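What follows is a single structure, written as structure tokens, with notes after it.
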Amino acid sequence: MKSLFSLFVAASFSLVACGQGNPPASPAATAKQTLDNGATVTVSYGQPSVKGRTIGDNLEPMSGKVWRAGANKATVFETDKDLTIEGQALKAGKYGFFVIVGDNDAWTFIFNKTWDQWGAYSYKESDDVARIPAKTEKGTFSEKLTYTIDKNGKMTINWGDKQASVMIK
């Protein structure tokens, strides 16, 4: 009986030790800003790292394919007030946020009414609320996918040497 108890205790410590392993490869991250117009915008995403891979080759986004704009669950864009993004209306609420890269490395930001989903596996174009062309340029290299939102409403995605942004009002 004593040895059975010792085995139980040892197994319990092993399980606890395994649970305290390395941090997730793509930890949860958030960008949040209250804009000059009083709207609060929040982007919640999984933050992958480049790790020597090549974006568009063996790392998303891939040309012509919808990307969850992060890792793990779909990226969520949330606003507490109605907005316009590059002139297109977006009602207050939560949205799945996706990106598609087209010809000449042009990025399109997609706001989809289905925000609670895993990745882009169940993404449906018919649920899109807005598709907005982003301004793209070569940026300073960012090892981790990073979203920034400034008070003036510029939302930027930095990923590898890519940078894409839109203006939110």
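Just so it is clear, the structure is predicted and the values come from calculations on it, not from any experiment. Position 1 is the first residue of the sequence, and the numbers go up from there.
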- Message: As an exercise, state the distance from CG of L35 to CG of D150, rounded to the nearest 0.5 Å.
- Response: 8.5 Å
- Message: Let me confirm one number: the OG1-CG distance from T136 to N104, rounded to the nearest 0.5 Å.
- Response: 9.0 Å
- Message: So which atom in G38 and which in K81 form the shortest heavy-atom distance, rounded to 0.1 Å?
- Response: O-NZ, 3.5 Å
- Can you see which heavy atom on R68 is nearest to which on F98, and at what distance? CA-CD2, 3.6 Å
- E78-T42 side chain donor-acceptor pair, cut-off 3.5 Å: no
- Query: Would E86 and K135 pass as an ion pair if we require N to O under 4.0 Å?
  - Reply: yes
- Please report the closest heavy-atom contact between A39 and L83, naming both atoms and the distance. CB-CD2, 3.7 Å
- Kindly give the heavy-atom pair with the smallest separation between S165 and F109, and that separation in Å. N-CZ, 4.2 Å
- Query: Within 45° of the axis and under 6.0 Å from the centre of the six-membered ring of W115, does NZ or CZ of K94 qualify?
  - Reply: yes
- Query: What is the minimum heavy-atom distance between S63 and G102, and which atoms define it?
  - Reply: OG-O, 4.1 Å
- Message: I want to check something: taking the side chain as every heavy atom from C-beta on, are I132 and W107 in contact at a cut-off of under 4.5 Å?
- Response: no
- Query: Within the distance-only criterion (no hydrogens, no angle test), does the side chain of Q33 pair as donor or acceptor with the backbone N or O of I149 below 3.5 angstrom?
  - Reply: yes
- Under 3.5 Å, is there a donor-acceptor pair between the side chain of K151 and the main chain of T34? yes
- Query: Under the side chain to side chain contact (heavy atoms under 4.5 Å, CB included) criterion, do T156 and Q163 qualify, and how do the steps go?
  - Reply: CA-CA 7 Å; T156 304; Q163 190 175 62; 3.4 Å; yes
- Task: May I ask you to decide if S26's main-chain N or O and N72's side chain share a donor-acceptor pair within less than 3.5 Å?
- Result: yes
- Message: Whether the side chain of Q117 engages the backbone of Y123 through a donor-acceptor N/O pair (distance < 3.5 Å, no angle test) should be reported.
- Response: yes
- Query: Under 3.5 Å, side chain of N112 to main-chain N/O of K124, donor-acceptor pair present?
  - Reply: yes
- Message: I'd like to know if the side chain of E137 reaches the main chain of A164, judged simply by a donor and an acceptor atom lying under 3.5 Å from each other, with no hydrogens or angles considered.
- Response: no
- Item | Check: Q88 side chain, R131 main-chain N or O, donor-acceptor pair, under 3.5 Å | yes
- Please determine if D36 and K169 form a salt bridge, counting it only when a charged side-chain N lies under 4.0 Å from a carboxylate O. no
- Message: Any heavy-atom pair between the side chains of K162 and D105 that's under 4.5 Å?
- Response: yes
- Message: Between D127 and Y95, does the side chain to side chain donor-acceptor pair (under 3.5 Å) criterion hold? Intermediate values first, please.
- Response: CA-CA 10 Å; D127 288 344; Y95 299 91; over 6 Å; no
- Item | Validation row: Y147, F97 side chains within 4.5 angstrom (heavy atoms) | yes
- Is it true that V50 and V101 fall in one hydrophobic cluster, defined by side-chain heavy atoms closer than 4.5 Å? yes
- Which heavy-atom pair separates D82 from A92 by the least distance, and what is that distance? OD1-N, 2.8 Å
- Item | From OG1 (T75) to CZ (F111), nearest 0.5 Å | 11.0 Å
- Message: Please check: side-chain N/O of D128 versus main-chain N/O of A130, any donor-acceptor pairing under 3.5 Å?
- Response: no
- Message: According to a hydrophobic-cluster definition based on side-chain heavy atoms being under 4.5 Å apart (Ile, Leu, Val, Met, Phe, Trp, Tyr only), do W159 and V43 belong together?
- Response: yes
- Query: How long is the span from the CG atom in N152 to the CD1 atom in I168, to the nearest 0.5 Å?
  - Reply: 11.5 Å
- If only atom types and distance count, is the side chain of E143 paired as donor or acceptor with the main-chain N or O of S49 below 3.5 Å? no
- Message: Assigning hydrophobic clusters by single linkage (Ile, Leu, Val, Met, Phe, Trp, Tyr; side-chain heavy-atom cutoff under 4.5 Å), is Y45 placed with F77?
- Response: yes
